[in-house]
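To find a chain, count down the sequence lines: A is the first, B the second, and so on, and within it residues start at 1.
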There are 2 protein chains.
Amino acid sequence: MSKQISSVWAREPRPTRTPGRSREEIVRATLDLLDTEGLDGLSMRKLGARLGSGATTIYWYVENKDELLELAYDHVWGEIALPVPEDLGWRDTITTFAHSMRRVMLFHPWIGSLIGRMPALGPNALSMSDRLRRTFALAGFEGLDIDCANATLTAYVFGTVMPEIAWRSYLSGEQLDQESMRETFEKVAKDFPDLLERVIEVNEKVSDTDTLRETSFAFGLATVLDGLEARLRS
Amino acid sequence: MSKQISSVWAREPRPTRTPGRSREEIVRATLDLLDTEGLDGLSMRKLGARLGSGATTIYWYVENKDELLELAYDHVWGEIALPVPEDLGWRDTITTFAHSMRRVMLFHPWIGSLIGRMPALGPNALSMSDRLRRTFALAGFEGLDIDCANATLTAYVFGTVMPEIAWRSYLSGEQLDQESMRETFEKVAKDFPDLLERVIEVNEKVSDTDTLRETSFAFGLATVLDGLEARLRS
DNA sequence: ACCTGAACACCGTTCAAGT
DNA sequence: ACCTGAACACCGTTCAAGT
């Protein structure tokens with residue numbers, strides 16, 4: 001009877017007699033709605049409509065909207081590929097993992113609004129954590145350092161992808177031509193000539209922004225991995 | 001007449017004749033409300049009430065709620081201390097900066113929900129970027145590497161602090177005793193014994209969680225800095 | 001130039017009532 | 001056991017009207 005953390009993962013789900021709706025069905029519809037219309041596009045009423053039921057039906061399967069988001073959130077972590085570290089070696093395993101994580105996050109941009117809001121306690125998130133820990137243990141980290149290495153890596157990926165998501169959603173809103181973007185940058189950054197020059201250069205001379213972003217991601221990833229190796233040696 | 005990015009920073013603000021309200025007053029009230037009641041606690045009506053005016057008055061000073069958030073967002077970046085790199089040397093400058101950034105973010109936890117949602121285009125954010133770039137240039141980075149180094153560092157701080165924010169808000173919700181937290185962890189992580197053991201150990205044997213988190217932050221920061229130095233040498 | 005209130009089209013959630 | 005609709009207390013935003 002003690003008080004629990006309020007999370008879907010801390011409750012027993014309703015004993016499912018498999019009659020009408022199911023949690024999986026609801027989560028699937030939630031993900032659909034999130035992927036197509038974004039976080040603001042998800043409402044209990046719309047979700048109900050998509051399920052061919054009243055909005056309030058959902059409350060039978062889930063305590064509230066936040067629990068629904070927890071479910072969807074964890075589902076995303078399940079999509080990330082994490083190779084078996086024993087085969088590939090830790091550095092390649094982590095590299096593959098990090099790129100996969102980035103790709104999955106960019107595919108579900110609404111995740112960006114959840115990372116700072118709810119801890120990842122679901123089975124997929126934990127299993128990801130578990131395998132990452134195994135990978136770092138295999139690399140030679142011990143005790144708390146395993147968790148620190150883990151935290152550092154995930155932090156890098158989170159922190160890189162989140163602003164990337166923000167930028168993408170911003171730019172995709174209206175269709176912007178080069179001209180008007182340049183205008184905006186010039187107004188906004190007029191006091192920072194170095195910054196302005198770089199931004200304009202990158203935006204106009206670089207044809208493939210996506211590749212640039214991936215290169216930048218790889219740079220940072222290599223940085224983090226080198227740093228981790230340095231910690232292993234000391 | 002071309003289309004602009006829709007951002008407060010891309011518009012000319014209304015010519016202020018300094019009569020009634022002012023943008024600064026409104027932003028101050030917004031920050032108050034955000035700091036005390038969080039992102040969900042901010043509504044145009046409440047804000048209006050706090051300003052002693054109708055909710056719709058705010059729309060004279062600001063196009064919409066998102067612009068208000070952009071204003072508040074940028075204000076936070078202005079609170080971060082960034083030492084002059086020429087005095088301290090780049091490594092100490094960045095270390096001081098990173099810790100200050102973390103502290104400021106933890107003080108305004110609602111920032112966690114904005115980083116994945118709107119790019120930082122305000123003057124404070126840009127000035128921060130500008131000084132960080134200067135610091136990394138001083139360290140010896142050149143060309144695009146300056147921006148990559150910058151992005152890597154900021155990513156690490158963002159990515160560390162955001163889950164930290166999520167955890168704090170989660171745990172502070174209800175007052176949880178050790179007992180019930182342990183119960184929750186055991187239920188949630190029953191399939192991951194290693195993880196579970198570590199979490200319980202940290203939560204029960206470590207008296208000062210804050211210090212642990214800072215230690216972990218410092219570990220990752222040193223990792224990133226070592227990695228950056230490795231890139232400088234090659 | 002600045003402020004207002006009413007109105008519109010939404011929200012999440014509760015709850016008594018239905019089957 | 002599952003589902004419903006009405007109702008409550010909110011939202012952001014528009015707009016005609018006021019000073």
S.K.: Counting only Watson-Crick pairs (N1-N3 plus N6-O4 or O6-N4) and G-U wobbles (N1-O2, O6-N3), all under 3.5 Å, who is the partner of dC10(C)?
M.R.: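 When the pairing criteria are applied, nothing turns out to pair with dC10(C), so the answer is none.
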S.K.: Please round to the nearest 0.5 Å and tell me the distance separating atom CG of Asp147(B) and atom CG of Leu212(A).
M.R.: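 So the gap between those two atoms works out to 9.0 Å.
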S.K.: Determine, stepwise, if the pair Asp35(A) / Trp110(A) fulfils side-chain hydrogen bond (donor to acceptor under 3.5 Å, both in side chains).
M.R.: CA-CA 8 Å; Asp35(A) 287 340; Trp110(A) 45 270; 2.8 Å; yes
S.K.: Please state how far atom CD1 in Ile58(A) lies from atom C1' in dG12(C), giving the value in whole angstrom units.
M.R.: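 Whole-Å distance recorded here is 11 Å.
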S.K.: Side-chain N or O of Thr57(A) versus OP1/OP2 of dT4(D): is the shortest distance under 4.0 Å?
M.R.: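 For dT4(D), OP1/OP2 do have a side-chain N/O of Thr57(A) under 4.0 Å.
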S.K.: Rounded to the nearest Å, what distance is computed from the CE atom of residue Met44(A) to the C1' atom of nucleotide dT4(D)?
M.R.: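 For the pair Met44(A) CE and dT4(D) C1', the rounded distance is 15 Å.
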S.K.: Checking contacts here: which listed nucleotide (dA6(D), dG12(C), dC3(C)) is nearest the side-chain heavy atoms of Ser43(A)?
M.R.: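 The nucleotide sitting nearest to the side chain is dG12(C).
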S.K.: Rounding to an integer number of Å, can you tell me how far Leu47(A) CG sits from dT13(C) P?
M.R.: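 It is 12 Å, rounded to the nearest whole Å.
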S.K.: For Leu51(B) and dC2(C), what is the distance between atoms CG and P respectively, to the nearest whole Å?
M.R.: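 Rounding to the nearest Å, CG of Leu51(B) and P of dC2(C) are 15 Å apart.
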S.K.: Toward the 5' end of DNA chain C, which comes first, Lys46(A) or Glu63(A), by nearest nucleotide?
M.R.: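 It is Lys46(A) whose nearest nucleotide is closer to the 5' end.
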S.K.: Want to settle it: does Asp40(A) or Thr56(A) sit nearer the 5' end of DNA chain C, counting the closest nucleotide to each?
M.R.: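 The 5'-side residue here is Asp40(A).
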S.K.: With the side chain counted from C-beta on, respond yes when Arg133(B) and Phe192(A) share a heavy-atom pair under 4.5 Å apart, and no when they do not.
M.R.: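 Not touching, per the 4.5 Å side-chain cut-off.
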S.K.: So what does Leu42(A) hit on the nucleic acid, given a heavy-atom distance under 4.0 Å: a base, only sugar-phosphate, or nothing?
M.R.: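 The residue Leu42(A) makes sugar-phosphate contact but no base contact.
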S.K.: In whole Å, what is the span from the CG atom of Asp66(A) to the P atom of dG12(C)?
M.R.: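 Value for this atom pair: 11 Å.
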S.K.: Do Asp208(A) and Arg213(A) sit within salt-bridge range, that is, some charged N less than 4.0 Å from a carboxylate O?
M.R.: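 No, this pair does not count.
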S.K.: Is there a donor-acceptor contact under 3.5 Å linking the side chains of His108(A) and Glu79(A)?
M.R.: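 Yes.
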S.K.: What is the separation between atom CD on Glu37(B) and atom C1' on dC10(D), rounded to the nearest whole Å?
M.R.: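 Nearest whole value for this atom pair: 14 Å.
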S.K.: Which base sits across from dG5(D) as a Watson-Crick or G-U pair, both distances under 3.5 Å?
M.R.: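 Its partner is dC15(C).
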S.K.: Is the phosphate of dC3(C) approached by Trp60(B) (side-chain N or O, under 4.0 Å from OP1 or OP2)?
M.R.: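 No, because none of the side-chain N or O atoms of Trp60(B) sits under 4.0 Å from OP1 or OP2 of dC3(C).
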S.K.: How many whole angstroms separate atom OH of Tyr59(A) from atom P of dA17(C)?
M.R.: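 It works out to 21 Å between those atoms.
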S.K.: What integer distance in Å separates Arg45(B):CZ from dC8(C):P?
M.R.: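 Between P of dC8(C) and CZ of Arg45(B): 14 Å.
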